[in-house]
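Since the structure comes first, as structure tokens, the remarks are kept for the end.
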Amino acid sequence: MLAHVSKTYAACLSLKQSQGCPGFASEYISTNATSRFSWYPKDDINAFDKALNDYVNGQSNLEEFQSVFRCPGLDDLGGFNTDHGKSVIRYHRSMVCADLLFSDENIGDCYGNDSRNHRRRDVHEDNAGLELAKMVASSSIGVRPPMPKPLCRTTCNTWVDSLHAIISNTTLCQASKGNNRESSLESLRTKCHSNVYNGTPGNCIDGNDNELRTC
């Protein structure tokens, strides 16, 4: 069944061709899952990938880090995008992919059992190389994909460990009165105990598979 997308519907885009979340290739992302960033055109997975890359590598990434840890030395050295060999957040993109997939908006639109109208969209190319969108009115026929696999807990722990390495570097993070960075870090480590990030081998998405060319 074909349908159009209007403001009352959410399209669920297949991540099969995503370069940003390739480890989650069997999953779907809702056009309503914009808590971290938005993209346009909404039906273009390449636009999603670009927005994801811009978010992970952009100023907002540094601002989020600084809002928690406040490391002035990092700003002095040009932030995360400068190759000074002192600050590498491992698997950050994988963490963002998992955040988006397991967000309330995405689960409700593409995986949940609620009654919200949604459409699932599988993107492929025809012989002319043009992207086509085959839209499935899955809410009307009751077909929902299985819940996404969680991120591997080892990946989440490595993410936290890389943050620890940064805040332990006195060039980047000088001692600051009233700023308990270790306490903030442990709060983040609790994320690795939640269902989204505590997957076990064989039943989870490994950051190495999702970021093959970067880690």
Side-chain angles (χ1 to χ4, degrees), residues 13 15 18-24 29-42 44-107 150-153 155-194 196-197 205 207 210-211 213-215:
L13 304 182
L15 293 176
S18 173
Q19 299 299 308
C21 302
F24 299 89
I29 188 72
S30 170
T31 53
N32 282 341
T34 56
S35 58
R36 292 294 193 102
F37 56 84
S38 58
W39 64 95
Y40 186 83
K42 283 290 188 180
D44 187 352
I45 198 63
N46 293 319
F48 167 80
D49 284 342
K50 182 181 184 304
L52 171 62
N53 185 67
D54 290 347
Y55 172 81
V56 171
N57 296 309
Q59 184 66 20
S60 58
N61 182 22
L62 179 61
E63 290 174 353
E64 285 187 5
F65 178 90
Q66 294 290 43
S67 70
V68 177
F69 297 111
R70 299 194 298 278
C71 295
L74 187 59
D75 287 327
D76 295 340
L77 289 176
F80 293 120
N81 289 335
T82 301
D83 185 15
H84 44 67
K86 298 180 183 295
S87 58
V88 177
I89 302 181
R90 296 197 65 193
Y91 303 131
H92 183 53
R93 179 156 51 86
S94 297
M95 293 293 294
V96 174
C97 291
D99 282 345
L100 293 173
L101 281 171
F102 283 90
S103 67
D104 289 343
E105 294 83 3
N106 202 58
I107 294 299
L151 198 66
C152 295
R153 186 169 179 176
T155 295
C156 184
N157 283 331
T158 300
W159 169 71
V160 177
D161 290 342
S162 69
L163 293 174
H164 183 264
I166 294 173
I167 69 171
S168 298
N169 187 316
T170 55
T171 300
L172 301 176
C173 297
Q174 301 87 348
S176 176
K177 185 178 180 180
N179 184 5
N180 191 335
R181 297 187 180 102
E182 291 290 342
S183 177
S184 298
L185 188 72
E186 287 308 306
S187 294
L188 288 179
R189 194 177 291 277
T190 61
K191 288 170 69 81
C192 302
H193 296 280
S194 68
V196 178
Y197 316 98
I205 304 301
N210 194 58
E211 303 186 46
R213 297 181 179 84
T214 58
C215 289

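We use all heavy atoms of the structure for the numbers below, so side chains are in, but hydrogens, waters and symmetry mates are not.
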(message) Please check: side-chain N/O of Ser194 versus main-chain N/O of Thr190, any donor-acceptor pairing under 3.5 Å?
(response) no
(message) I'd like to know if the side chain of Arg93 and the backbone of Gly20 have a donor-acceptor N/O pair within less than 3.5 Å.
(response) yes
(message) Between Arg153 and His193, is there a side-chain donor-acceptor contact under 3.5 Å, judged purely by atom types and distance?
(response) yes
(message) Between Glu105 and Thr34 (side chain of the first, backbone of the second, donor and acceptor by atom type, cut-off under 3.5 Å), is there such a pair?
(response) no
(message) Would the distance check show the side chain of Asn106 and the main-chain N or O of Ala33 forming a donor-acceptor pair, the cut-off being under 3.5 Å?
(response) no
(request) Would you please name every residue forming a side chain to side chain donor-acceptor pair (under 3.5 Å) with Thr158, sequence neighbours left out? (result) none
(request) Might you point out which heavy atoms bring Phe102 and Val196 nearest each other, and give the distance in Å? (result) CD1-CG1, 3.5 Å
(message) Quick check for you: to the nearest 0.5 Å, what is the distance between Ile89 atom CD1 and Leu163 atom CG?
(response) 5.0 Å
(message) Any heavy-atom pair between the side chains of Ile166 and Phe69 that's under 4.5 Å?
(response) no
(message) Rounded at 0.5 Å granularity, tell me how far OG in Ser187 sits from CG in Leu185.
(response) 8.5 Å
(request) Could you pull out the closest heavy-atom pair between Tyr40 and Ala47, with the gap in Å? (result) O-CB, 3.4 Å
(request) Can you label the angle between the Phe37 ring and the Tyr55 ring as parallel, tilted or perpendicular, going by 30° and 60°? (result) tilted
(message) Measuring from atom CD of Glu211 to atom CZ of Arg90, what distance do you get when rounded to the nearest 0.5 angstrom?
(response) 9.0 Å
(request) Compare every heavy atom of Cys97 with every heavy atom of Asn210, then report the nearest pair and how far apart it is. (result) ND2-SG, 3.9 Å
(request) Please report the closest heavy-atom contact between Trp39 and Ala51, naming both atoms and the distance. (result) CB-CB, 3.8 Å
(request) Under the side chain to side chain donor-acceptor pair (under 3.5 Å) rule, collect the residues that match up with Thr155, sequence neighbours excluded. (result) none
(message) To the closest 0.5 Å, what do you measure between CG (Leu151) and OG (Ser94)?
(response) 6.0 Å
(message) Which heavy atom of Val68 sits nearest to which heavy atom of Ser184, and what is that distance?
(response) CG1-CB, 3.7 Å
(request) Calculate, to the nearest 0.5 Å, the distance between atoms NE2 and CG belonging to His92 and Asn57 respectively. (result) 8.5 Å
(message) I need the Asn32 CG to Ser38 OG distance, nearest 0.5 Å.
(response) 11.5 Å
(message) Which residues pass the side chain to side chain donor-acceptor pair (under 3.5 Å) test with Gln174, not counting sequence neighbours?
(response) none
(request) Look at the side chain of Arg70 and the backbone N and O of Arg181, then say whether any donor-acceptor pair between them is shorter than 3.5 Å. (result) no
(request) Please report the closest heavy-atom contact between Cys71 and Gln66, naming both atoms and the distance. (result) N-OE1, 2.7 Å
(request) Taking the side chain as every heavy atom from C-beta outward, state whether Phe48 and Cys21 have any atom pair closer than 4.5 Å. (result) yes
(request) Would you indicate whether the side-chain heavy atoms of Asp99 and Lys191 approach each other to under 4.5 Å? (result) yes
